[in-house]
Amino acid sequence: MIERIELVGASYGENLPNGRFVASYLSGLNETSEGPVQSPVNLLFTRINPSGPGFVGVGASGQYRDEALQFSPFALKGQACGGSPVAFWPNGSLVVCSCVPPYGSQGIRWIDDTIHPGDESIANPIEGIYQYTTLAGIKVGQGGDGIHGEDPAVIIFEGIRYLLESGTCRVVRFNYDWIEGKLAICFWKMSSNSNVRIRLDIADILTLTQFPLNPFDPIVKINKPCWLGWYEFNQPPSLLPPGNALVKIRYDVSGSVIKLNGTQFAEYIDGPTVENIETRALASPWPCIVYWDGRNWPKYPVLKSNDWLGLQAYCQVGEPIALFEQNMRAQINAARVQHRKIGLICQCYTSNSSLTSNIKGLVPVFARLARDYTEVNFLLVFSDQNRATGLNDHPEVRPSWELLYNGIIGEPPMSDPEILPENVFLTLQQERAKLPTPLGDRGAELMNSVAWIHRNEGWGLEFKGGGTVCLQPKTNITCGCEILRLQESGYAVLQDSEGLAIPQRAERGDAEPSRFRVAVDPGTAPGVMNVVIIDYDKDVHRGDPNGMLIRFDVTSPYPIVEVELDLVGDGEPSIIIKFLDEPRRDGRYCRALAFKPTVNGDWILQVTAKDNQGNTAEATGNVPVHVSP
């Protein structure tokens, strides 16, 4: 049976399964299971001693401000810093912490056989729980902002989220009796200014209201032209699915993509290797949507400008839908650097035991992805009819797909603007990695390097007589800082050309032939210091103990004494590694380093090296690093 006791006017406290507790009032009065105790000052973050009488708290003001005070008897235990800076070991030994690692500003969340700093469990947005304690696989903490208000108290048990208390519940304490299977929870309910103590058995959790994350997840309007296509097998469908296209496989022309009126407009291609897919797509007279049977392509194929890169959008068993969406966004962000047209191969079948059976819950995710990314304008759904466990066997999912289709505005145009050829784009990325950030006035140097490599294909630079110009190497002729040229067309291939200078597959624009400028041999001066980023982790979880690995190379005639790693704009200090100025012990002999990012978001990687003469060189990653919890 669930036991709930509320003390109006009390705030901080703690509760044990054996009935012992402490709850503190602003007056300095502390209610405890052994009777009331008056403190000379009101206490914050009070904790009960689990192995004997007494409790501890932190003074809120006056001469005892930030002092750890233990009762009973009364004793001063030193200065404490941050939130929850005091806690007991199970044997009653007291810990008082300061705002230094491993505790940080969040102090101690709980202690079992080890100390768990508050930073360890400050946020789990995938499961929708915050500032939580985990014991015996059970999580208890704050529930975030939702239909039950801001930060209700929640329990996650066997993967299911339960509502323990509505309202704003903070400083949630959770203790557990492993032998009896009893939970004791205590929190400050700010919405009613009260201390709430709850005791319950494991079986009582199942009587609580289930509290799924995003229980009313809407299907947003895509509000743009988009294809919605369905795989068909063996014979034409007797009932047309929601959408504007079908993929006909093994009943007409294998792989033909047709409109519902029967007109072919594209070809679907998959294959055993990327090279096989690439060859067939480039040879096809049709725009192609290409597919690799896995979430990660081994490498992206070279495609025609009007082809779609297909990304598998299947949700794994045990992968929460929120995490699935996060993972798909990372995939799209990586792919869109190279490909301007992306199709999602969406899951709509349940016969694969390694995939989720919640196919209805995936539809809102597909709608959001298509809405949020201009590159995504094809949703190709596996599968419709005549395929076991597809849409035909799940009529309950059809209304969701119909709602998604109703949010589409027409069909995308099939004539696409010509964009920068992929081989030139790949060269641009490689050459950009050799130059520092910000790029400054070296844009024409970069354009010249790329144009020189592709000079036999007709590439050059854009002469520019005024405005923002950069100097072509060796000639000192003023040129556009971000323009690659063919005789009668130009491509603006850099975003923020003087700053981050991020390569982009730009659309073709008309250009005046008389302003075409041939590239010159840039040459390579001997002994030039240079930094090249070879590879790096582009999707990093902060909780990954391996951190983020960067493989790089520094060339210099002088010893490298310092290498700096930075995620530009994350607000955190860069990581600086110093090397000895000794033969074969300096930074020129280091090929990889790793560090742990600390701020969620998408950041540009920058590697800077310094030699023993004070010279520096930089390189930046072309794809932003996505950091997540």
Side-chain angles (χ1 to χ4, degrees), residues 124-129 137-139 143-144 146-148 154-163 205-206 208-222 228-231 241-243 291 293-296 310-332 343-373 376 379-408 628-629:
N124 183 344
I126 301 303
E127 293 186 284
I129 191 167
I138 306 169
K139 298 183 179 74
I147 61 174
H148 291 273
V154 298
I155 297 177
I156 297 179
F157 177 60
E158 294 184 344
I160 299 176
R161 197 164 172 262
Y162 296 90
L163 177 65
I205 298 177
L206 304 179
L208 298 173
T209 301
Q210 291 193 18
F211 185 29
L213 202 60
N214 300 324
F216 305 111
D217 208 5
I219 297 174
V220 300
K221 289 183 178 296
I222 294 175
L228 176 59
W230 296 82
Y231 286 80
Y291 172 67
D293 194 16
R295 189 175 290 180
N296 297 290
L311 298 180
Q312 187 190 84
Y314 294 174
C315 182
Q316 303 296 310
V317 164
E319 183 181 29
I321 287 180
L323 178 59
F324 166 70
E325 179 172 352
Q326 179 178 310
N327 290 337
M328 287 309 306
R329 288 182 182 273
Q331 292 292 319
I332 296 169
L344 300 183
I345 314 303
C346 305
Q347 180 191 346
C348 186
Y349 75 111
T350 58
S351 58
N352 189 331
S353 61
S354 68
L355 302 178
T356 184
S357 60
N358 183 16
I359 55 176
K360 184 174 182 179
L362 298 178
V363 182
V365 175
F366 301 139
R368 288 193 292 270
L369 295 177
R371 176 198 63 182
D372 294 347
Y373 291 97
V376 176
L379 302 179
L380 183 53
V381 190
F382 191 92
S383 186
D384 180 36
Q385 310 194 45
N386 303 308
R387 177 71 174 187
T389 74
L391 183 66
N392 194 41
D393 294 330
H394 287 283
E396 75 280 3
V397 183
R398 181 176 285 268
S400 296
W401 281 108
E402 289 175 345
L403 190 58
L404 180 147
Y405 181 60
N406 290 338
I408 291 174
S628 58

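We count residues from 1, following the sequence as given. Quick caveat: nothing in here was measured; it's all calculated off a predicted structure.
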> Got a sec, which residues hit side chain to side chain donor-acceptor pair (under 3.5 Å) with Y291, two or more places apart in sequence or on another chain?
Replying inline: D293, Q312
Search all heavy atoms of [X] against all heavy atoms of [Y] and return the closest pair with its distance.
X	Y	value
V154	G128	CG2-O, 4.4 Å
P218	P364	O-CB, 3.4 Å
S351	A388	OG-O, 4.1 Å
R329	L369	CG-CD2, 3.6 Å
I222	A367	CG1-O, 3.8 Å

I want to check something: taking the side chain as every heavy atom from C-beta on, are [X] and [Y] in contact at a cut-off of under 4.5 Å?
X	Y	answer
L380	W230	no
K221	I408	no
S400	I219	yes
L391	P242	yes
I332	L344	yes
L311	I345	no
L362	Q347	yes

> Are the aromatic rings of F157 and Y162 close, with centres under 6.0 Å apart?
Replying inline: no
Checking the side chain of [X] only, and the main-chain atoms of [Y] only, is there a donor and an acceptor separated by less than 3.5 Å?
X	Y	answer
S383	Y231	yes
R161	I156	no
R371	F366	no
E158	I160	no

Atom [atom1] of [X] and atom [atom2] of [Y]: how far apart are they, to the nearest 0.5 Å?
X	Y	atom1	atom2	result
F382	C348	CZ	SG	10.5 Å
I155	I129	CD1	CD1	8.5 Å
R398	N392	CZ	CG	7.5 Å

> Run the side chain to side chain contact (heavy atoms under 4.5 Å, CB included) check on V220 and L404 step by step: do they pass?
Replying inline: CA-CA 7 Å; V220 300; L404 180 147; over 6 Å; no
>> Tell me whether K139 is salt-bridged to E127, with the criterion being a basic N under 4.0 Å from an acidic carboxylate O.
In response: yes
> Do R368 and E325 meet the salt-bridge criterion of a basic N to acidic O distance under 4.0 Å?
Replying inline: yes
> Just checking, is any N or O donor in the side chain of H394 or T350 under 3.5 Å from an acceptor N or O on the other one?
Replying inline: yes
> Taking atom types as modelled and ignoring hydrogens, do the side chains of S354 and N352 form a donor-acceptor contact shorter than 3.5 angstrom?
Replying inline: yes
What side-chain donor-acceptor pairs closer than 3.5 Å can you find for residues 313-324, not counting sequence neighbours?
from, atom 1, to, atom 2, distance (Å)
E319, OE1, R295, NH2, 3.0
E319, OE1, Q316, N, 2.9
E319, OE2, R295, NH1, 2.9
E319, OE2, N327, ND2, 2.8

